[in-house]
Amino acid sequence: MVDESELAYLRRCVELATEALEAGDEPFGSVLVGADGTVLAEDHNRVAGGDRTRHPEFELARWSATRLTPEERAAATVYTSGEHCPMCAAAHAWVGLGRIVYIASSEQLAGWLGALGVPAPPVRTLPVRDVAPGVVVEGPVLELVEEVHALHRRFHTGKAGAADDRDHRNRDD
Ligand SMILES: [Zn+2]
């Protein structure tokens, strides 16, 4: 179960996903937390530059491989706005990281993107369990699912649904 302190990490994932969106990137954000609750690293999606492997979960896995001991990695948790894709799930398992807590499942995301008419990704959508059966996985976290859904809607529909200052400026252009 996800308690209040864990919800705080997940809310940070939503903030990071929002930062990605505002930088023109896909809205995904992730936080790596040590056994004692310390935030060790965080990142958001950076694929807009052309490297489609720049997912935050992949970056955190590789970061942890060079900076944490195997014991520290096993005791760490990755909180993330969306369930790991197969590439990131594999990296997570290969470096021996611990638990995963995601807000929205890959299945939910695939449903949202399908409804928005986004073409299917080049990599099959699979639950983490099917890629890395030894990893403990929790999600979806219903309290925050709609916020993540809204970010993806904003990313894929441009200005629709977003009523912030930036949109008013765009309309004045
Ligand atoms: Zn990924």
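We're numbering straight along the sequence, starting at 1. Whatever order the structure lists ligands and atoms in, that order sets their numbers, starting from 1.
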Q | Trp112 and His149 aromatic ring geometry - parallel, tilted or perpendicular at 30°/60° bounds | A | parallel

Q) Charged N to carboxylate O under 4.0 angstrom, Arg52 versus Glu26? A) yes

Q | Sphere of radius 2.8 Å around the Zn ion (ligand 1) - protein N, O or S atoms inside | A | His55 ND1, Cys85 SG, Cys88 SG

Q) Hey, what do you get for CD (Glu107) to CD (Glu83), rounding to the nearest 0.5 Å? A) 9.0 Å

Q) Does the side chain of Thr125 reach to within under 4.5 Å of the side chain of Leu109, using non-hydrogen atoms? A) no

Q: Determine, using the 4.5 Å side-chain heavy-atom cutoff (strictly less than), whether Val148 and Tyr9 are members of one ILVMFWY cluster.
A: yes

Q: Could you tell me whether Arg62 sits above the aromatic face of Phe58, with NZ or CZ closer than 6.0 angstrom to the six-membered ring centre and within 45 degrees of the axis?
A: yes

